[in-house]
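For ligands, and for the atoms within them, numbers begin at 1 and follow the listed sequence.
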Amino acid sequence: MFLRGGKRWAVFISGTGSNLSALLEGRSQFDIGLVVSSTPKAIGILRARRAGVPVYIMKNKSDWEGIETALAEYNIDRVFLAGFMRIVPAVFLTKWQGRILNVHPSLLPAYPGTHSIERAFADQAALGVSVHEVIEEVDGGKILLQRETKRSSDLESTEFFVHVSEHRLIREAAAKWNTVQI
Ligand code: GRF
């Protein structure tokens with residue numbers, strides 16, 4: 001599928017791929033041309049295959065050359081990190097500067113890194129999700145979209161609310177940054 005004037009996105013995953021699914025559901029608004037997985041075990045790979053989207057699986061931890069080749073092969077011009085659990089090297093970030101986004105389950109700059117929902121929940125802090133540009137500092141780039149999420153009395157349903165909110169925000173971000181320069 002090619003939407004005139006739109007960009008072609010690659011989605012980078014490492015696990016379940018529920019954010020990938022949310023993006024795949026938005027394909028009438030933007031084009032997903034490739035899924036990159038850091039591991040052959042990611043369930044998200046099945047979601048991509050079912051949707052007919054090509055998948056590139058990293059051959060090892062530092063297979064960034066392989067990724068670059070796949071991105072070029074599929075004419076990708078935007079990257080969304082969606083639960084991608086590898087550090088992206090500086091040289092890759094420089095090349096993709098302004099064209100690589102990440103979704104994170106907290107109101108950044110609060111609670112960067114892992115276990116963000118648990119930590120915010122334990123602190124009784126405000127909960128939410130953010131989409132931001134990716135820079136070398138983990139979860140540290142310019143915040144592009146952010147939304148507060150309601151909390152529940154237990155962690156499990158709070159996590160559910162945050163993830164649903166994440167799925168909405170990631171789709172909104174891809175649609176919004178599909179035609180404009182980031
Ligand atoms: C998401 O909460 C993402 O923000 C975080 O890891 C989770 C990945 O979930 N970094 P999924 O693979 O998209 O289901």
Side-chain angles (χ1 to χ4, degrees), residues 9-27 29-30 32-51 53-58 61 67 78-89 92-93 96 100-123 125-152 154-177:
W9 292 82
V11 185
F12 286 27
I13 62 165
S14 293
T16 313
S18 64
N19 283 289
L20 167 64
S21 271
L23 287 171
L24 290 170
E25 284 164 23
R27 281 201 297 168
Q29 289 173 280
F30 43 80
I32 311 274
L34 179 70
V35 167
V36 171
S37 179
S38 63
T39 161
K41 293 184 183 149
I43 295 168
I45 293 172
L46 301 177
R47 300 182 194 261
R49 295 228 163 102
R50 193 170 305 156
V53 177
V55 178
Y56 181 77
I57 301 170
M58 289 178 83
K61 273 203 259 191
I67 291 180
R78 290 275 194 275
V79 170
F80 225 125
L81 306 185
F84 185 67
M85 300 303 285
R86 286 258 182 278
I87 296 292
V88 184
F92 186 92
L93 291 177
W96 287 84
I100 175 166
L101 307 186
N102 181 46
V103 64
H104 183 77
S106 80
L107 292 171
L108 291 172
Y111 302 102
T114 57
H115 306 294
S116 308
I117 309 172
E118 289 97 313
R119 289 186 287 130
F121 183 83
D123 291 350
L127 299 156
V129 295
S130 308
V131 167
H132 63 92
E133 285 186 33
V134 182
I135 59 169
E136 261 195 274
E137 184 194 340
V138 174
D139 301 321
K142 181 179 162 198
I143 295 161
L144 301 174
L145 281 180
Q146 203 160 52
R147 193 137 310 144
E148 202 164 327
T149 308
K150 66 176 174 178
R151 78 165 42 233
S152 173
D154 64 285
L155 177 61
E156 205 182 3
S157 24
T158 298
E159 283 180 322
F160 175 78
F161 290 147
V162 174
H163 289 308
V164 169
S165 178
E166 210 176 15
H167 300 159
R168 288 202 189 109
L169 201 72
I170 196 171
R171 254 197 320 260
E172 203 178 307
K176 192 160 176 181
W177 278 278

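Residues satisfying the side-chain contact (heavy atoms from CB on, under 4.5 Å) criterion with A51, sequence neighbours excluded, are L24, R27, V53. By the side-chain contact (heavy atoms from CB on, under 4.5 Å) test, S106 pairs with H104, L108, Y111, S116, sequence neighbours left out. Take E25 and apply the salt bridge (charged side-chain N to carboxylate O under 4.0 Å, His left out) test, not counting sequence neighbours, and it matches R171.
Each of R47, H163, H167 was evaluated against S18; a single residue qualifies, H167, per the side chain to side chain donor-acceptor pair (under 3.5 Å) test.
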Show the distances, to 0.1 Å, for all pairs joining an N/O atom of ligand 1 and a protein N/O atom that are shorter than 3.5 Å, listing one pair per line.
residue  : atom   : partner : partner atom : Å
ligand 1 : 2 (O)  : E166    : OE1          : 3.0
ligand 1 : 2 (O)  : E166    : OE2          : 3.0
ligand 1 : 4 (O)  : V103    : O            : 3.4
ligand 1 : 4 (O)  : E166    : OE2          : 2.2
ligand 1 : 12 (O) : T16     : N            : 3.4
ligand 1 : 12 (O) : G17     : N            : 2.8
ligand 1 : 13 (O) : S18     : N            : 3.3
ligand 1 : 13 (O) : N19     : N            : 2.9
ligand 1 : 13 (O) : N19     : ND2          : 2.8
ligand 1 : 14 (O) : G17     : N            : 3.4
ligand 1 : 14 (O) : S18     : N            : 2.8
ligand 1 : 14 (O) : S18     : OG           : 2.5

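The shortest heavy-atom contact between L127 and A120 is CD2-CB, 3.7 Å.
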Starting from the C-alpha separation in whole Å, work towards a yes-or-no answer on salt bridge (charged side-chain N to carboxylate O under 4.0 Å, His left out) for R147 and E172.
CA-CA 11 Å; R147 193 137 310 144; E172 203 178 307; 2.8 Å; yes
